[in-house]
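Following: one structure in C-alpha cells, then a few remarks.
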Number of protein chains: 4
Amino acid sequence: MFTPDEHGFTGGSVTGSPGRAQDADQAARVVRAEWRTRQLLSAAARLMERDGFHGVSMQALADEASVSVGLIYRYFGSKEDVLLAVIVEVLNAFDATVPAAVEAAGADPVERIAAAFRAYCGVINTHRHAAVLTYRESKTLGTRHRDTIKSLEVQTTAPLRAAIRDGVEAGLLTADVDVELFALDLILLAHAWALKHWYFGATLSFETYVTRQTALALRAVVDPAHRDDYRHLLAPRT
Amino acid sequence: MFTPDEHGFTGGSVTGSPGRAQDADQAARVVRAEWRTRQLLSAAARLMERDGFHGVSMQALADEASVSVGLIYRYFGSKEDVLLAVIVEVLNAFDATVPAAVEAAGADPVERIAAAFRAYCGVINTHRHAAVLTYRESKTLGTRHRDTIKSLEVQTTAPLRAAIRDGVEAGLLTADVDVELFALDLILLAHAWALKHWYFGATLSFETYVTRQTALALRAVVDPAHRDDYRHLLAPRT
Amino acid sequence: MFTPDEHGFTGGSVTGSPGRAQDADQAARVVRAEWRTRQLLSAAARLMERDGFHGVSMQALADEASVSVGLIYRYFGSKEDVLLAVIVEVLNAFDATVPAAVEAAGADPVERIAAAFRAYCGVINTHRHAAVLTYRESKTLGTRHRDTIKSLEVQTTAPLRAAIRDGVEAGLLTADVDVELFALDLILLAHAWALKHWYFGATLSFETYVTRQTALALRAVVDPAHRDDYRHLLAPRT
Amino acid sequence: MFTPDEHGFTGGSVTGSPGRAQDADQAARVVRAEWRTRQLLSAAARLMERDGFHGVSMQALADEASVSVGLIYRYFGSKEDVLLAVIVEVLNAFDATVPAAVEAAGADPVERIAAAFRAYCGVINTHRHAAVLTYRESKTLGTRHRDTIKSLEVQTTAPLRAAIRDGVEAGLLTADVDVELFALDLILLAHAWALKHWYFGATLSFETYVTRQTALALRAVVDPAHRDDYRHLLAPRT
DNA sequence: CATGAATGAGCCTTCATTCAT
DNA sequence: TATGAATGAAGGCTCATTCAT
C-alpha cells in the first residue's frame, strides 16, 4: 500500500498534558484529519475531472469542500500535491482491489486475466472522475511526482502481467504473445472506459463493455486448442 | 478536408492599381501567412506536448517560434485557437492519408483494415507531439471547439469502420464482432503509440509495434476459416 | 440612498462557535472593509481626476492606496466598477446633503432654490475630484452602469426641480419659466465650479462664485413683483 | 485662424523635374493631402465621440477612413495629434463663424450677445461629435497641447466678452454684471447643447433650445429700463 | 505615397500562497 | 485548528508605432 508524503503527521509530543487524555485528543485529531483529507480529495476529484487541474482554483476547491483556503494548506503542501493525492488514491484502489479479485478467480491463468481486467475496469468505473486525471494531468506534475506515479502504475499492473505470463507458460495462450504489449493493451481498454463518455457516447453499459472487451481481447491470445474451455469468456451471450 | 476559421484573411483590395502586380502581392502574402501558420503550429505542438497547454505561455510560444507575441494574434484569435488548430492539423492529416492508404490496399476488407490501422499509426507517429494533445487537452477547449473536434474524429475514423463492416458482411470476420467497439479499440491502440513513451519506455520500434498490434487485433476477429489467408498479418515473423 | 452591488460580502459563517464573538469579528471585518473601500475610492478619485480613467493603471491605483493590486479586486469587480463607485459616491452625497439643506431653508420656494443650489455646489466643492469624472468618463462605462448613473442623477436633482415648480405655482417666479431647463442650467452652473479650475483659473472664491451665480440665475426668473423680497439673493453686496 | 503643426508640409524641392510640371504635382498633392486630412478628422470625430479617445484604435480609425494605419502617421504624428486636430477644428470653426455673426447683428450690444450665443450654439450643433471631446478628452492631452487649446478658447470667446462689456458700458445691462462670469455661463449653456443628449434626452429642438436659453440668460442681465426694447429676445413666443 | 506585417511595452485580471488573528 | 485578507508574480491580450516593400 502506498502512502504519499501527505505532510507526515508524526503527531509528536505537543506540550504538557497527561498521557491518556492526549491519546484521546490525538485519536480524535487523526480521525478528523482523515475525514478532512477524504472530503478534500473527493471535492478535488469532482472539480478537476470537470474543469481540469488548471480550471480549478484553490478558492473553488475550498468552497466545494466547505473549508477555507488556508486549511487546504494544512493538509496538502501545494495544489500539485492535491492532484498527486487524487491520482494516487486511484492507484491505491487498484492495489487494494485487483490482487484480491485475481485470487478469488482461482488458479486458472485465463480466468485470472479476465478477473484482473474486470477488477481494473471496476476501479476505473468507481473513480471515473479521478481516472481521467491520470491521463490528462500527468504532465502537469513535476518529474519527481511523475516518477512516483510511474512506479505505482508498474506495481499496480503487476498481477495482470503475472497472470498473462503464467498463461503463456501453461500453454493456454499462444506462445507468441508479447506479454508486455498485451498487458498494456488490456490496461488501455480499461482506461478507455473512463475516456469513453467523451469518445464514445453512452451506448454501452459497464457490464456489456467489460464482457465484450474481455471476449475480444482473449480471443486474440487463447490457444485454439483450449478455446472450448473458455467459451463462457470468449463467446458470451451478450 | 476541414479548415478552421483561421481569421479569414479578407485582405482589403483598395484603390486602383493594375491587378496583376497586386495578385502577385496577395499570393506572396498568402504564402508567407501559411508559412507563419505552419511555423507557429509546429512550435505550439512541440511546446504544448512537452509542457501542456497551460504550461505554455504566449510569450514562450512567441520565443520558440521566433516572433513577437503580438504577431501570434494576427494568425490566431486566442491561445485556445492555437490549440484547436494544432489538434485539427492532426485530424486533417488523417483525412489526407488514411483513405488513400486504404484504397492502395486493394479490395480485401481485412487488408484494408490492416492498412487503415497502419496509416493511423503512421500519422500519429509523424505528429506524435500533437497527437497527445488531442487526449490531454480536449477538455480545455470550449464546447463549440470540442464539438468541432468530435465530428472531425467521427469523420476521420469512418474508413476504418467501413472496412470492418465490410469484413463482417463478407464473412471474413466472425459474425459477432461489434464494429464500433473494435474500431474504437484499434484507434486506441494507434493513439497508444503516442502515449507509449510515457507509458511504456522505448522498447519497441514503430514497425514492430504496428506489426504486433495488427496481428494481435486481427487474431481476435478473423474468422478461423480464413486464418490461413492472412497468415502474413496474423503471424508475422517479427 | 443608493448602494451599488459592491461584491456582496455574504461572508461564510461556518461551524459552530458561540455567535457573540463571531458577530464582533464580522463587525470588525465590515468596518475594515468599509475603511478599505473609502481608502480606495479616495485614491481612485484623486488619480482619475488628474489622469483620467484610462490614464490610471490598477498598479498605480494600488500604489496610491498603498495596497496590492490583487486586493483591489476583493472590493471591486473590475476597473470600471471602481469608476462607477467613485461616481456613485458623489451622487449619494447629493442625496445625503441637498434635501436637508432645502428643508433647513424654510418654506419659501425661492429660498429653497437658492439653498439647493448652494448645497449642490458644496457637494461638488467637497468632491471636486470625483465630480469631474461624472462628466468626463460616463461614456467609459457600459450601458448598464450608465443607466444606473442616469437614474441616480434624475433622483438627485428632484428637490431642485420641485422647488422651482413650487416657485412658479406660487407666482414667485415668472409663469413662463421652463422648469426642466432652468433646473438643468443650475446643475450645470454647479458642475462648472468643478470644471472651472481648468476653464477659468482661480480668481473666485467658492463663496463669491455661489453668491454671484445665485444672483444671476434668480434674477432671470424671479417675478418683478417680488424682486424686493429677495434683494439679499438678487443683489448681494459681494 | 489657427493652424496646428500638422507635420509642416514644406513640400521642398524633390529631385529633378521641370518647374511647371512640379508645381502642378505639388498642387495636386496638397489637394489630396487636405482631402485626406479632412477624411481622417471626420472619421476620428465620429469614432471618438462614440467610443472615446481610448476606445478608438488606430486600426479602427484607419478602417473607418478606408486607409492603412501607416498612412495616418503621414498626416499626424501620433494618436494624440489626431485628437488635438479634431478639437482644434471645432475651435477654428468658432473663429470662422462667430465674429461674422456678431457683425451681422448690427451695433446693438445686446443683439450682438444674442447673435454670438446663437452662433456658438450653431457651431457646437454642427460639430456636436467633436465638441463633446473637448470636455471629455482634454485631460488626455499633454500640457503643451492643453495650453494650445486653452489659449484658443480664450481667443474664441473674445467676441462674446467684448459684446457683454459693451452692453454694460452702454448701460443696457445692469452695472453689477460680472463680465467674465456671464460669458462663462453662456459658453457653458452652448456646450450643454452638446452634452444634453446624454444629460437631458431629446425633448427640445435646437431652435427652441437656443431661443429659450437666450431669453433666460438675458433676462438676468438686461437693465429693467431697457426690457421693452428687447422683448423679442426676452419673451419669445416659443 | 501607401500598405500592413511586425514589434513589444503595458494593461487588466487571476490565483497560488502566506500569515496575523 | 481554522479563517480569509493580503500579496505579487505571471498570464493573456491589445494597440500605438515603425519600417521594409
Side-chain angles (χ1 to χ4, degrees), chain A residues 25 28-29 32-33 36 54-62 67-82, chain B residues 9 11-15 17 22 25 28-29 32-33 36 54-62 66-80 82, chain C residues 9 11-15 17 22 25 28-29 32-33 36 54-62 66-80 82, chain D residues 14 25 28-29 32-33 36 54-62 67-80 82:
Chain A
D25 266 23
R29 207 174 296 165
R32 187 163 59 193
R36 286 278 197 220
H54 295 279
V56 179
S57 69
M58 292 304 263
Q59 184 61 77
L61 176 51
V67 298
S68 67
V69 220
L71 193 61
I72 302 179
Y73 284 85
R74 291 215 149 262
Y75 293 89
F76 300 94
S78 71
K79 197 184 173 190
E80 275 207 354
D81 282 359
V82 177
Chain B
F9 302 108
S13 64
V14 200
T15 44
S17 52
Q22 210 178 17
D25 263 29
R29 202 174 300 161
R32 194 163 58 198
R36 284 279 196 221
H54 295 280
V56 178
S57 70
M58 291 305 265
Q59 188 55 246
L61 176 50
S66 302
V67 298
S68 66
V69 213
L71 193 61
I72 303 179
Y73 286 87
R74 275 202 161 270
Y75 294 90
F76 301 95
S78 70
K79 197 185 174 190
E80 274 208 356
V82 177
Chain C
F9 302 108
S13 64
V14 200
T15 43
S17 52
Q22 211 178 16
D25 264 29
R29 202 175 300 160
R32 194 163 57 198
R36 284 280 196 221
H54 296 280
V56 179
S57 70
M58 292 304 265
Q59 188 55 246
L61 177 50
S66 303
V67 298
S68 67
V69 214
L71 193 61
I72 303 179
Y73 285 86
R74 276 201 159 270
Y75 295 89
F76 301 94
S78 69
K79 197 186 174 190
E80 272 208 357
V82 176
Chain D
V14 194
D25 266 25
R29 207 172 297 165
R32 188 161 59 190
R36 287 277 197 222
H54 295 279
V56 179
S57 69
M58 292 303 263
Q59 186 59 238
L61 177 50
V67 298
S68 68
V69 219
L71 192 61
I72 302 179
Y73 284 85
R74 292 214 148 264
Y75 293 89
F76 300 94
S78 72
K79 197 185 173 190
E80 275 207 355
V82 176

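In what follows, every chain begins at residue 1, and chains take the letters A, B, ... in the order their sequences are listed. For the numbers below, each heavy atom of this structure counts, side chains included, while hydrogens, waters and symmetry mates do not.
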In B/S/- notation (B base, S sugar-phosphate only, - none; protein heavy atoms under 4.0 Å), nucleotides 16-21 of chain E written 5' to 3' is SBB---
Roughly, in whole Å, what's the span from CZ in Arg74(C) to P in dG8(F)? 15 Å
Write down the distance between CG (Leu71(B)) and C1' (dC15(F)), rounded to a whole number of angstrom. 14 Å
Nearest heavy-atom neighbours spanning Ser68(D) and Ala62(D): C-CB, 3.8 Å
Measure across Lys79(A) and His54(A) and return the closest heavy-atom pair with its distance rounded to 0.1 Å. NZ-CA, 4.1 Å
For dC1(E), does OP1 or OP2 lie under 4.0 Å from any side-chain N or O of Arg36(D)? no
Report yes if a side-chain nitrogen or oxygen of Tyr75(D) is closer than 4.0 Å to either non-bridging phosphate oxygen (OP1 or OP2) of dA2(E); otherwise report no. yes
Is the closest side-chain heavy-atom distance between Leu71(C) and Arg36(C) below 4.5 Å? yes
Who passes side-chain contact (heavy atoms from CB on, under 4.5 Å) against Val69(A), sequence neighbours left out? Met58(A), Gln59(A)
Reading DNA chain F 5' to 3', what string of ( ), [ ], | and . shows its pairs, if Watson-Crick and G-U wobble pairs count only when both distances fall under 3.5 Å? .||||||||||||||||||||
